[in-house]
Amino acid sequence: MSDDAQATWDAVDEYFAGRLSPTDEILAATARESSAAGLPPIAVSAPQGKLLQLLAEIQGARTVLEIGTLGGYSTIWLGRALPSDGRLVTLEYSPHHAEVALRNLAHAGLADLVDVRVGAALDSLPRLADENPPPFDLVFIDADKGNNPHYLEWALRLTRAGSLIVLDNVVRGGRVADADSTADDVRGTRSAIDLIAEHPRLTGTAIQTVGAKGYDGFALARVL
Ligand code: SAH
Ligand code: DHB
Ligand code: MG
């Protein structure tokens, strides 16, 4: 992608975000604190965060599961869609990321609603399933892309007919179209796309995007 194209996408995202998903003090502080703590700048953009909030609202979601917390930026958008007695469980491998997220979520007034669980998601998910939680209304998968098919399988176990599953970053710079790729992220993402295509309880689509995060995209799957 040329620098020119990225500058245009940045300017358009800034315009849309300014009008439709303005960054309040809490989101700005979350971005600032995450950056100051050395977290990578890979959180969803503000327009994408607002999309997550809208999707959760459209779902009438009371419960959300997130895989990949980072500093809690997407968590805050999703948490804002929930009623005060709702529940958001978010899984994060890095204790440092989780600690930063906990501070940001507390500052956002979401400490009581959000349950941050530290550890590899593939360890946390069976533990969560053992608790027999009520089905999650929305699952946002945004962690290590190689495990996407496993996360999708767990999402299926933890949801109900009508639940929505969102997978971030499915384009991999275009490499997702390469059936011969040996890269973990491409293989994991392609397996997840195959599952959405073939699983009798899933129907979905994938959308390419440009914006502040460059050339990217997400998949949506509805549980049948
Ligand atoms: N959803 C966040 C961004 C997540 S970035 C947002 O948009 O604001 C991906 C996160 O997944 C990182 O914090 C990384 O530490 C975490 N991660 C990577 N591998 C993981 C694993 N196996 N289990 C749980 N989290 C993992
Ligand atoms: C990366 C991870 C993300 O979740 C994302 O949205 C963008 C980039 C990454 O690991 O590079
Ligand atoms: Mg992501």
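As the structure lists them, so they are numbered: ligands from 1, and atoms in each ligand from 1.
The local environment of CG in D112 is sparse, with at most 12 non-hydrogen atoms from other residues, nucleotides or ligands closer than 6.0 Å. Residue D85 qualifies as enclosed at atom CG: its count of foreign heavy atoms under 6.0 Å is above 12.
Below 4.0 Å from some heavy atom of T69 lie the following atoms of ligand 1, by number and element: 2 (C). Each of the atoms 6 (O) of ligand 2 lies under 4.0 Å from some heavy atom of D168. Those atoms of ligand 1 with a heavy atom of Y151 less than 4.0 angstrom away are 21 (C), 22 (N), 23 (N). Distances below 4.0 Å separate heavy atoms of H97 from the following atoms of ligand 1: 12 (C), 13 (O), 15 (O). Near A120, with a cut-off below 4.0 Å to any heavy atom, the atoms of ligand 1 are 23 (N).
Residue side and main chain included, S74 places no N/O/S atom under 2.8 Å of the Mg ion (ligand 3).
Atom 20 (C) of ligand 1 has its closest protein heavy atom at D144 OD1, 3.4 Å. The protein atom (non-hydrogen) at minimum distance from atom 5 (S) of ligand 1 is I42 CD1, 3.6 Å. Looking at atom 10 (O) of ligand 2, its nearest protein heavy atom turns out to be I42 CD1, 4.1 Å. For atom 23 (N) of ligand 1, the closest non-hydrogen atom of the protein is A121 N, 2.9 Å. At the shortest separation from atom 26 (C) of ligand 1 among protein heavy atoms lies Y93 CB, 3.4 Å. For atom 14 (C) of ligand 1, the closest heavy atom belonging to the protein is E92 OE2, 3.4 Å. The protein atom (non-hydrogen) at minimum distance from atom 4 (O) of ligand 2 is D142 OD1, 2.6 Å. In terms of protein heavy atoms, atom 9 (C) of ligand 1 is closest to D142 O, 3.2 Å.
Residues D185 and R175 are paired through a salt bridge, judged by an N-O separation under 4.0 Å between the basic side chain and the carboxylate. Using a 4.0 Å cut-off between charged nitrogen and carboxylate oxygen, D137 and R160 count as a salt-bridge pair.
Shown here for A61 and P83, the closest heavy-atom pair between the two residues is O-CD, 3.6 Å. Taking all atoms of both residues into account, the shortest heavy-atom contact from T63 to F136 is OG1-CA, 3.3 Å.
Close N/O approach between F140 and ligand 1 is not found [any backbone or side-chain N/O within under 3.5 Å]. When only interatomic distances are considered, the shortest N/O to N/O separation between N147 and ligand 1 does not fall below 3.5 Å. Between K213 and ligand 2, an N or O atom pair is found at a separation short of 3.5 Å. When only interatomic distances are considered, the shortest N/O to N/O separation between G68 and ligand 1 falls below 3.5 Å. Residue contacts with ligand 2: N169 is placed with a nitrogen or oxygen under 3.5 Å of a nitrogen or oxygen of the ligand (distance criterion only). An N or O contact shorter than 3.5 Å links V44 to ligand 1 by distance.
Between the choices P40, G119, S74, the shortest heavy-atom distance to atom 2 (C) of ligand 1 belongs to S74.
Put simply, the angle at the Mg ion (ligand 3) from OD2 in D168 to OD1 in D142 is close to 100°, to the nearest 10°.
Under the 4.5 Å side-chain criterion, counting only non-hydrogen atoms from C-beta, I67 is in contact with L125. In this structure the side chain of R157 never reaches within 4.5 angstrom of the side chain of P126, judged on heavy atoms.
Interatomic distance, CG of L91 versus CG of D115, reported as 8.5 Å (0.5 Å rounding).
Using 4.0 Å as the threshold, W77 has no heavy atom nearer than that to any atom of ligand 1.
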